[in-house]
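First up is the structure itself, then whatever we jot down about it.
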2 protein chains.
Amino acid sequence: MPRTEAQNQRLKAERRRALLEAARRVFARKGLAASKMTDLAAAAGISYGLVYHYFPDKESVFAALVEESVQQGIQLVAEARQHSGSPWEQLQWLCTRVLDGVQREPSFPLILVQAHASESVPGPVGQALERYSSQFFQQLVTLIEAGQEEGRVVRTPAAELAWMWLATIQGLALMRILPHMNHVPYPKTNTLLRLFAP
Amino acid sequence: MPRTEAQNQRLKAERRRALLEAARRVFARKGLAASKMTDLAAAAGISYGLVYHYFPDKESVFAALVEESVQQGIQLVAEARQHSGSPWEQLQWLCTRVLDGVQREPSFPLILVQAHASESVPGPVGQALERYSSQFFQQLVTLIEAGQEEGRVVRTPAAELAWMWLATIQGLALMRILPHMNHVPYPKTNTLLRLFAP
DNA sequence: GTCTATAGGTGGATAGAC
DNA sequence: GTCTATCCACCTATAGAC
């Protein structure tokens with residue numbers, strides 16, 4: 001008796017996962033339109049046609065990646081808010097974690113940058129992005145407001161601060177793919193936190 | 001006697017200018033790869049083939065726009081440094097001016113965002129980008145260091161501050177093309193300046 | 001499941017009429 | 001100078017062999 005159905009499912013899921021990981025790097029660097037199916041296949045080490053066994057088309061691959069990055073982002077803020085300690089310490093934790101994540105694997109936020117820059121990622125992807133933009137943003141605002149209650153965060157409108165913070169993170173991820181200027185010192189947590197300091 | 005040669009040159013330059021302006025908006029929103037020559041022609045109100053009378057190919061149009069944005073950026077910092085007043089006031093002026101520029105016409109910085117995101121814009125465009133990244137960056141660093149001498153700017157390494165500032169501006173330009181979230185209050189000069197405050 | 005080969009479509013660049 | 005028509009390369013998606 002060969003593999004069970006469950007095992008097959010697991011294998012397929014793993015392969016799909018590996019493909020996504022490869023595709024994420026490609027999309028992050030070149031964007032949706034400039035990334036060819038050939039590139040995705042080559043990056044994943046599989047043949048051109050096989051990609052279509054895991055996803056119906058190119059946009060679906062991209063959509064899955066956007067969904068993934070969105071989830072990751074939302075989860076990160078949620079995690080920060082569950083942390084013990086004051087709101088300020090939660091902000092601190094979040095900044096450290098995000099800066100570290102961007103430095104080590106910028107492709108996650110870069111997928112979102114590309115999705116934004118690609119104007120009109122249609123259908124389900126657009127919906128995921130919208131959920132992200134609103135849910136993630138709202139969570140962040142709440143955290144900042146808590147810090148303001150506490151007196152550790154400047155009284156600038158929380159939405160404005162959250163907006164700036166998001167822009168900075170995306171900008172940092174974007175500039176991370178520049179070949180030159182690698183000698184520039186990567187920002188420390190405290191530099192990012194300076195945005196909130198009273 | 002018809003138009004003189006000089007007049008013809010002027011006319012051609014003007015048309016070229018109008019085409020560039022239309023193309024800038026298209027490229028800024030969709031990126032290099034996703035923008036079709038049809039889009040450029042339509043945006044400029046001319047026929048498909050006529051674009052090729054002004055530029056040899058699509059990349060050349062994009063290259064000209066990158067060059068333009070680069071010049072604009074460099075000039076802006078130079079202008080700030082020639083201003084009367086303390087380095088801190090010059091930084092203040094720069095932030096106000098840039099924030100205003102991004103809000104009114106984000107397509108200038110967005111061209112640079114797209115150039116970065118498009119990975120390897122080859123040949124002359126890459127060179128222009130490199131000039132930008134280094135020259136603009138260096139000017140900014142110098143300005144920040146002057147502010148530090150003066151004691152108005154935090155002692156964080158100037159390169160790190162300049163890097164953060166650049167990332168923030170590009171991120172703001174990027175998020176400016178999001179359709180939703182237009183109700184978010186646009187950042188004020190002081191919020192951006194907070195990055196430098198001691 | 002995985003591959004290669006192919007059909008169909010899209011878009012960049014050019015030729016040539018006006 | 002400006003346009004339309006055409007060529008050709010490339011890319012997506014599918015069919016079908018193994």
Side-chain angles (χ1 to χ4, degrees), chain A residues 1-20 22-23 26-27 29-65 114 118-123 125, chain B residues 1-23 26-27 29-65 114 118-125:
Chain A
M1 183 175 168
R3 290 191 288 264
T4 69
E5 186 58 28
Q7 282 173 325
N8 272 336
Q9 291 293 62
R10 259 182 57 95
L11 260 180
K12 175 156 185 175
E14 274 176 24
R15 293 245 169 74
R16 195 186 130 111
R17 178 90 185 64
L19 170 57
L20 277 177
V26 177
F27 280 133
R29 287 206 161 265
K30 314 219 282 186
L32 173 59
S35 302
K36 315 301 173 198
M37 285 305 240
T38 311
D39 302 329
L40 303 193
I46 62 181
S47 81
Y48 176 86
L50 191 53
V51 181
Y52 287 92
H53 263 80
Y54 295 99
F55 294 93
D57 52 27
K58 192 170 72 165
E59 272 198 351
S60 299
V61 186
F62 191 72
L65 288 169
Q114 296 288 5
S118 292
E119 154 94 331
S120 86
V121 202
V125 196
Chain B
M1 181 175 169
R3 290 192 287 264
T4 70
E5 186 56 27
Q7 281 174 327
N8 272 336
Q9 291 292 61
R10 258 184 58 96
L11 260 180
K12 174 156 186 177
E14 274 175 25
R15 293 245 169 75
R16 195 186 130 108
R17 177 91 185 62
L19 170 57
L20 277 176
E21 201 161 326
V26 178
F27 280 132
R29 287 208 160 263
K30 313 219 283 186
L32 173 59
S35 301
K36 317 299 173 203
M37 284 305 244
T38 312
D39 302 329
L40 303 192
I46 62 181
S47 82
Y48 176 85
L50 190 54
V51 181
Y52 288 92
H53 263 80
Y54 295 99
F55 294 93
D57 51 28
K58 191 170 74 164
E59 273 198 352
S60 299
V61 185
F62 191 71
L65 288 169
Q114 296 287 4
S118 293
E119 154 93 332
S120 85
V121 202
V125 195

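Below, read A as the first sequence line, B as the second, and so on, with proteins coming before strands; counting in each chain starts at 1. A quick note: this is a predicted structure, and the numbers were derived from the prediction, not measured.
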Whole angstroms only, please: what is the CE-P distance between Met37(B) and dA13(C)?
6 Å

Listed by chain and number, what are the side chain to side chain donor-acceptor pair (under 3.5 Å) partners of Arg16(B), not counting sequence neighbours?
none

Given dG12(C), is OP1 or OP2 found less than 4.0 Å from the side-chain N or O atoms of Lys58(B)?
yes

Does any part of the side chain of Leu20(A), heavy atoms only, come nearer than 4.5 Å to the side chain of Tyr54(A), both counted from C-beta?
no

Atom pair distance, as rounded to whole Å: OH in Tyr52(B) and P in dT14(C):
7 Å

A side-chain contact here means heavy atoms from C-beta on lying under 4.5 Å apart; do Lys58(B) and Phe27(B) qualify?
yes

With a 3.5 Å cut-off and sequence neighbours excluded, list the donor-acceptor pairs that the side chains of residues 34-49 of chain A form with protein atoms.
from	atom 1	to	atom 2	distance (Å)
Ser35(A)	OG	Gly31(A)	O	2.6
Lys36(A)	NZ	Ala33(A)	O	3.4
Asp39(A)	OD2	Lys30(A)	NZ	3.2
Asp39(A)	OD2	Lys36(A)	N	2.9

Below 4.0 angstrom, which residues in residues 14-21 of chain B have at least one non-hydrogen atom near DNA chain D?
Arg15(B)

Could you pull out the closest heavy-atom pair between Asp57(B) and Tyr52(B), with the gap in Å?
CA-CE2, 4.1 Å

Base, sugar-phosphate or nothing for Phe55(A)? Non-hydrogen atoms, less than 4.0 Å.
nothing

Per Tyr54(B) side chain, nearest of listed nucleotides dT2(D), dC11(D), dA13(C):
dT2(D)

Under-3.5 Å N/O pairs linking protein and nucleotides 3-6 of chain D:
from	atom 1	to	atom 2	distance (Å)
dC3(D)	OP2	Ser47(B)	N	3.0
dC3(D)	OP2	Ser47(B)	OG	3.1
dC3(D)	O5'	Ser47(B)	OG	3.4

To the nearest Å, give me how far apart CG (Leu40(A)) and P (dA13(D)) are.
11 Å

Taking side chain to side chain contact (heavy atoms under 4.5 Å, CB included) as the test, write out the residues that go with Arg17(B), two or more places apart.
Glu21(B), Arg24(B), Glu68(B)

Gap separating the CD atom of Gln114(A) from the OG atom of Ser118(B), nearest 0.5 angstrom:
7.5 Å

Can you sort out the partners of Arg15(B) under side chain to side chain donor-acceptor pair (under 3.5 Å), two or more places apart, ordered by chain and number?
none

Atom pair distance, as rounded to whole Å: CG in Asp39(A) and P in dC10(D):
14 Å

